[in-house]
Protein chains: 2
Amino acid sequence: MLSQKAKYGIRALLYLAQHGQGSPVLIRDIAEKERLPKKFLEAILLELKSAGILHSRPGKGGGYTLNRPAKSITLGRVIRLIDGPLAPIPCVSQTAYAPCRECLDEKTCTIRAIMKQVRDATAAILDETTFADLLDQQNKLAQGVAGIDFSI
Amino acid sequence: MLSQKAKYGIRALLYLAQHGQGSPVLIRDIAEKERLPKKFLEAILLELKSAGILHSRPGKGGGYTLNRPAKSITLGRVIRLIDGPLAPIPCVSQTAYAPCRECLDEKTCTIRAIMKQVRDATAAILDETTFADLLDQQNKLAQGVAGIDFSI
DNA sequence: ATTAACTCTATATAGTCAATAGAGATTTAG
DNA sequence: CTAAATCTCTATTGACTATATAGAGTTAAT
């Protein structure tokens, strides 16, 4: 399961992506519009900033913006950053490999073989999906719903 | 990430599947051969038993056996039992649906759409893989490794 | 009866998750 | 140059979960 922290982070990034590269967005605005706990969000945005995903300016007229185009930020990267590796077990992680403590022989471990499949399937989705994709999809979904409403 | 508990449970089941439907296997044997903490393993096996996956007989000559053929026990079932839903967020779980607390509109939530893909991909693998499959694969992997050793 | 095994309750420790408080540092406007 | 706005940093809190372990209780076979 994704942590709340990761979900909040993703929502905040999506909000910032929506807002575009224009003027900085206040933490307070993100928190209010997306209904996220403000103080917790502060910490999350700070992490995303120090990872180079966000940019911020303190002081009057300050706030947060994306540090890079939305299409260069993948969901996989953000989730790994906040929640750690996508892999279900450490011995199949590409980005944070570690042997399983209790494993007797990695080469013949079938749990490992299956979990590698799971990791690869997950990574294939999350590393290919960017925040630009999410924005596109959001617009389409919103239109779809509006269309349904209209047809009634 | 899978919990240690789930990994231990899977290893124990694999060990029991290997052993076949014959005489009961002692907790102590499983713990020693697979190097799992015995007391912790006791609790895990008990859970698997009350879920109907294992059968046990107390007393002299007792121990644990699979309650059903290995080919009818899927990895997905065992993992859900011990660690909970496969879905990365509750609103896309098929077996334990719950709305995300902070979600403003599930119908247009793109995070949900992506996470549904992840869940489906994961479930497709784990719900199709049985302990009989794992046994087969283990034998093949062991032969493969032996073959390589022999050829050197 | 005695032994060998599982079963149950209780406990412990450490760590993580989710969140909050409040003082500090920085920038811009005026 | 100062005041207001805003991000930044440190610390703390409470609840919960993960990972075990101890020991008494129960059951079945011989």
Side-chain angles (χ1 to χ4, degrees), chain A residues 1-12 16 19 23-32 34-67 79 81-85 88-90 100-102, chain B residues 1-12 16 19 23-32 34-67 79 81-85 88-90 100-102:
Chain A
M1 283 272 183
L2 278 190
S3 66
Q4 286 297 109
K5 195 172 171 181
K7 280 198 276 182
Y8 293 168
I10 294 169
R11 279 190 195 285
L16 285 164
H19 202 83
S23 57
V25 179
L26 303 187
I27 295 177
R28 192 202 314 133
D29 284 356
I30 306 174
E32 280 173 9
E34 297 288 328
R35 305 218 187 198
L36 310 178
K38 177 162 169 276
K39 270 297 192 179
F40 195 19
L41 184 60
E42 282 180 15
I44 296 166
L45 295 182
L46 216 48
E47 263 185 66
L48 293 172
K49 179 194 173 181
S50 57
I53 292 172
L54 291 180
H55 174 76
S56 74
R57 241 178 35 200
K60 207 173 195 173
Y64 274 96
T65 51
L66 295 187
N67 196 30
I79 292 175
L81 188 66
I82 299 183
D83 278 354
I89 50 180
C100 289
R101 269 179 295 157
E102 77 285 357
Chain B
M1 283 271 183
L2 277 189
S3 65
Q4 286 297 109
K5 195 172 173 183
K7 280 198 276 182
Y8 294 168
I10 293 169
R11 279 191 197 285
L16 285 164
H19 202 83
S23 57
V25 178
L26 304 186
I27 295 177
R28 191 202 315 130
D29 284 357
I30 305 174
E32 281 172 7
E34 297 288 328
R35 307 223 186 192
L36 310 178
K38 178 162 168 279
K39 271 295 191 179
F40 196 18
L41 184 59
E42 283 180 16
I44 296 167
L45 295 182
L46 216 48
E47 264 186 63
L48 293 172
K49 180 194 172 183
S50 57
I53 292 173
L54 291 179
H55 174 77
S56 73
R57 240 177 38 199
K60 205 172 196 174
Y64 274 95
T65 51
L66 294 188
N67 196 31
I79 292 175
L81 190 66
I82 300 183
D83 278 355
I89 50 180
C100 290
R101 269 179 295 159
E102 77 286 359

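In the text below, chain A, chain B and the rest are named by the order of the sequence lines, each starting its count at 1. Atom set for the values below is all heavy atoms of this structure, side chains included, hydrogens, waters and symmetry mates excluded.
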Q: Apply side chain to side chain contact (heavy atoms under 4.5 Å, CB included) to the pair Ile44(B) and Leu36(B), showing each step before the final yes or no.
A: CA-CA 11 Å; Ile44(B) 296 167; Leu36(B) 310 178; over 6 Å; no
Write down the protein N/O and nucleotide N/O pairs, taken from nucleotides 20-23 of chain C, whose separation is under 3.5 Å; answer none if there are no such pairs.
| from | atom 1 | to | atom 2 | distance (Å) |
| --- | --- | --- | --- | --- |
| dG22(C) | N7 | Lys39(A) | NZ | 3.3 |
| dG22(C) | O6 | Lys39(A) | NZ | 2.3 |

Q | Gap between atoms CD1 and P, on Ile82(B) and dA18(D) respectively (whole Å) | A | 12 Å
Name each donor-acceptor pair under 3.5 Å that joins a side chain in residues 2-12 of chain A to protein atoms two or more places apart or in another chain, with its distance.
| from | atom 1 | to | atom 2 | distance (Å) |
| --- | --- | --- | --- | --- |
| Ser3(A) | OG | Lys5(A) | N | 3.4 |
| Ser3(A) | OG | Ala6(A) | N | 3.0 |
| Ser3(A) | OG | Asp83(A) | OD1 | 2.5 |
| Ser3(A) | OG | Asp83(A) | OD2 | 3.3 |
| Gln4(A) | OE1 | Lys7(A) | NZ | 3.3 |
| Gln4(A) | NE2 | Tyr8(A) | OH | 3.0 |
| Lys5(A) | NZ | Glu47(A) | OE2 | 2.7 |

Q: Scan Leu45(A) against the nucleic acid and name what it touches under 4.0 Å (heavy atoms): base, sugar-phosphate only, or nothing.
A: nothing
Q) Within the structure, does a side-chain N or O atom of Tyr8(B) lie under 4.0 Å from either OP1 or OP2 of dT19(D)? A) no
Q: Looking only at non-hydrogen atoms, find the nearest pair between Ile89(A) and Cys100(A) and report the distance.
A: CB-SG, 4.2 Å
Q: For Ile27(A), report the nucleic acid contact type (base, sugar-phosphate, nothing); a contact means any heavy atom under 4.0 Å.
A: sugar-phosphate
Q: May I have the distance from Ile44(A) (atom CD1) to dC17(C) (atom C1'), rounded to whole angstrom?
A: 11 Å
Q | Within residues 47-64 of chain B, residues whose heavy atoms come under 4.0 Å of DNA chain D | A | Pro58(B), Gly59(B), Lys60(B)
Distances under 3.5 Å only, N/O to N/O: pair up the protein atoms with those of nucleotides 10-14 of chain D.
none

Q) When the nearest nucleotide of DNA chain C is assigned to Arg101(B) and to Val25(B) on a heavy-atom basis, which residue is associated with the more 5' position? A) Val25(B)
For residues 53-66 of chain B, which side-chain donor-acceptor pairs fall under 3.5 Å, sequence neighbours excluded?
| from | atom 1 | to | atom 2 | distance (Å) |
| --- | --- | --- | --- | --- |
| Ser56(B) | OG | Lys49(B) | NZ | 3.1 |
| Arg57(B) | NH2 | Gly61(B) | O | 3.2 |

Q. Nearest-Å distance, CG (Leu2(B)) to C1' (dT17(D))?
A. 16 Å
Q: Check the distance between dA18(D)'s C1' and Glu102(A)'s CD and give it to me in whole angstrom.
A: 14 Å
Q. Which value, rounded to the nearest 0.5 Å, describes the distance between Asn67(B) atom CG and Leu48(B) atom CG?
A. 11.0 Å
(Q) Please report the distance, rounded to the nearest Å, between CG in Leu36(B) and C1' in dT19(D). (A) 13 Å
Q: With rounding to the nearest 0.5 Å, note down the distance linking CD in Glu34(B) to CG in Leu41(B).
A: 9.5 Å
Q) Under the side-chain contact (heavy atoms from CB on, under 4.5 Å) test, which residues partner Glu42(B), sequence neighbours left out? A) Ile27(B), Lys38(B), Lys39(B)
Q. Just how far, in rounded Å, is C1' of dA5(D) from CZ of Arg28(A)?
A. 9 Å
